[in-house]
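Quick notes on the structure that follows.
Lettering follows sequence order; numbering is per chain, from 1.
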Protein chains: 2
Amino acid sequence: MRAQHSLLSAIERDLRSAHQPPLGWYDVLWELDRAPDGRLRPYEIEERTLLAQYNLSRLIDRLEKEGLVMRESFDQDGRGRWVVITEKGRAARAGMWEVYAKSIQAHIGAKLDDAEAATLAELLSRLA
Amino acid sequence: MRAQHSLLSAIERDLRSAHQPPLGWYDVLWELDRAPDGRLRPYEIEERTLLAQYNLSRLIDRLEKEGLVMRESFDQDGRGRWVVITEKGRAARAGMWEVYAKSIQAHIGAKLDDAEAATLAELLSRLA
DNA sequence: CGGATTTATATGCATATGCATCTATTAACC
DNA sequence: GGTTAATAGATGCATATGCATATAAATCCG
């Protein structure tokens with residue numbers, strides 16, 4: 001808990017001081033950016049990111065308001081929606097990555113070697 | 001991030017379904033419970049728990065409202081305060097621990113052996 | 001078929017968080 | 001000794017979160 005708290009604060013601080021949006025935005029944009037046609041259903045994003053349904057719904061509101069994604073209707077199922085990343089959204093993700101990658105390196109990469117990172121990832125994956 | 005997110009949700013869920021307060025309360029009550037005379041200055045709690053100053057201030061409000069802690073003045077420095085745990089607070093902490101301990105065992109203890117847990121703790125401590 | 005259930009997403013309301021700033025007090029400096 | 005800076009803690013305001021529930025469409029089942 002402490003490690004993630006201090007890592008997350010450090011990374012959020014780095015993003016903020018580079019005038020980038022919060023980290024949660026990255027996860028959604030990243031999933032969309034690498035999805036076929038840059039589009040996913042909300043429930044697919046939910047599965048991939050672990051965001052709670054009601055939080056994701058409102059995060060999509062914010063992304064949409066900034067023009068980073070668009071909602072489109074999903075014809076095969078009237079309940080469903082598409083969330084589609086825009087060009088502006090792809091650019092925003094790339095801009096965030098510039099900062100995020102350096103932040104990961106500074107706060108994690110510099111403190112663990114590859115073998116240690118692999119061990120850590122394996123142990124954590126058993127808890128997730 | 002994912003491991004802590006899913007652990008924290010699971011533990012919060014366990015606490016809630018046992019009608020216990022959120023986990024954040026535990027950390028503060030625990031620090032107070034084991035401090036000499038059951039009292040600490042807010043900034044000391046802050047250092048020990050990693051809570052942000054403004055969040056701690058309001059968490060203390062909530063604990064005080066429930067009668068689990070009391071604020072007292074600190075004579076050596078007019079800016080300072082004592083936060084003192086009450087008997088009700090000690091009992092509340094003990095009650096939370098009943099649930100929390102089982103939850104830790106179920107979600108972590110059951111998935112890692114002692115050596116793995118020690119490795120994990122060591123690696124995480126390097127990131128905190 | 002038609003009512004009951006389930007699934008996908010959104011939202012109202014209460015609470016928690018973050019940021020910036022405020023007040024009060026003490027320490028630092030020249 | 002008086003101004004300036006630093007420290008301890010609290011708070012107003014905007015935003016985010018959690019919970020419960022709403023809405024709407026699809027599926028199930030007798």
Side-chain angles (χ1 to χ4, degrees), chain A residues 1 4-6 8-28 32 39-66 69-84, chain B residues 1 4-6 8-28 32 39-66 69-84:
Chain A
M1 295 299 152
Q4 98 74 234
H5 185 276
S6 93
L8 183 58
S9 322
I11 293 170
E12 292 283 16
R13 195 176 324 116
D14 291 346
L15 286 168
R16 192 152 18 78
S17 68
H19 307 287
Q20 295 289 333
L23 190 52
W25 293 32
Y26 188 86
D27 297 328
V28 172
L32 289 169
R39 65 178 55 216
L40 289 170
R41 304 276 302 279
Y43 80 89
E44 295 175 308
I45 302 175
E46 197 184 325
E47 289 168 1
R48 288 163 165 77
T49 60
L50 303 186
L51 282 163
Q53 184 271 321
Y54 45 82
N55 286 336
L56 177 58
S57 177
R58 286 186 272 221
L59 177 48
I60 295 168
D61 289 345
R62 286 171 237 139
L63 293 170
E64 195 173 31
K65 190 147 64 172
E66 294 300 317
V69 307
M70 292 182 322
R71 278 191 252 235
E72 289 182 7
S73 63
F74 178 69
D75 295 340
Q76 284 79 61
D77 184 334
R79 297 167 300 184
R81 312 277 230 132
W82 281 118
V83 181
V84 190
Chain B
M1 295 297 152
Q4 98 75 232
H5 184 277
S6 93
L8 182 59
S9 321
I11 293 170
E12 293 283 15
R13 196 177 322 117
D14 291 345
L15 286 170
R16 191 152 19 76
S17 67
H19 307 288
Q20 294 289 332
L23 190 51
W25 292 33
Y26 188 86
D27 297 329
V28 172
L32 288 169
R39 64 178 58 217
L40 289 170
R41 304 277 303 277
Y43 81 89
E44 295 175 308
I45 302 176
E46 198 185 324
E47 288 167 2
R48 288 162 166 75
T49 60
L50 303 187
L51 283 163
Q53 184 270 320
Y54 46 82
N55 286 336
L56 177 58
S57 178
R58 286 186 272 220
L59 177 48
I60 295 169
D61 289 345
R62 287 171 236 139
L63 293 170
E64 195 173 30
K65 189 147 64 174
E66 295 299 319
V69 307
M70 292 182 320
R71 279 191 251 235
E72 290 182 6
S73 63
F74 177 69
D75 295 339
Q76 283 79 62
D77 184 336
R79 296 167 301 186
R81 309 276 230 137
W82 280 119
V83 181
V84 189

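In this entry the distance linking CG of B/L40 with C1' of D/dA8 reads 15 Å, nearest Å. Between the C1' atom of D/dG9 and the CZ atom of B/R41 lies a distance of 10 Å, rounded to the nearest Å. Spacing between atom CG of B/D77 and atom P of D/dA6 amounts to 17 Å, rounded to whole angstrom units. Straight-line distance from the NE2 atom of A/H5 to the C1' atom of C/dG18: 11 Å, rounded to whole Å. Rounded to whole Å, atom P of C/dA16 lies 14 Å from atom CG of B/L8. Atom P of nucleotide C/dG18 and atom CD of A/E12 are separated by 9 Å, given to the nearest angstrom. One interatomic measurement links the two molecules: CG of A/D75 to P of C/dA8, which rounds to 17 Å at whole-angstrom precision. Across the protein-nucleic acid pair, B/W82 atom CH2 and D/dA10 atom P stand 15 Å apart, rounded to whole Å.
Side-chain contact between A/R48 and A/L40 is present, with heavy atoms from C-beta onward closer than 4.5 Å.
Using modelled atom types, no side-chain atom of A/S73 and backbone atom of A/D75 make a donor-acceptor pair closer than 3.5 Å. No donor-acceptor pair closer than 3.5 Å links the side chain of A/Q53 to the backbone N or O of A/E46. Of the possible donor and acceptor atoms, none in the side chain of B/E72 sits under 3.5 Å from a partner among the backbone N and O of B/V83. Looking only at distances, a side-chain donor or acceptor of B/R41 sits under 3.5 Å from a matching main-chain atom of B/R81.
Residues of residues 48-66 of chain B that place a heavy atom closer than 4.0 Å to DNA chain C, in numerical order, are B/Y54, B/N55, B/R58, B/R62.
If you run side chain to side chain contact (heavy atoms under 4.5 Å, CB included) between A/I45 and each of A/V28, A/V69, A/L59, only A/V28 comes through.
For B/Y43, counting side-chain heavy atoms from C-beta on, the closest listed nucleotide (D/dA8, C/dT9, C/dA10) is D/dA8.
Under 3.5 Å, the side chain of B/R79 and the base of D/dT7 form at least one donor-acceptor pair of N or O atoms.
B/R16 comes within 4.0 angstrom of sugar-phosphate atoms only, judged by non-hydrogen atoms across all strands, and of no base.
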Identify all side-chain donor-acceptor contacts of residues 14-26 of chain B below 3.5 Å with residues at least two apart in sequence or on another chain.
residue, atom, partner, partner atom, Å
B/D14, OD2, B/S103, OG, 2.6
B/D14, OD2, B/H107, NE2, 2.8
B/S17, OG, B/R13, O, 3.2
B/S17, OG, B/D14, O, 3.3
B/Y26, OH, B/R93, NH1, 2.6

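OP1 or OP2 of D/dA10 has at least one side-chain nitrogen or oxygen of B/R71 nearer than 4.0 Å.
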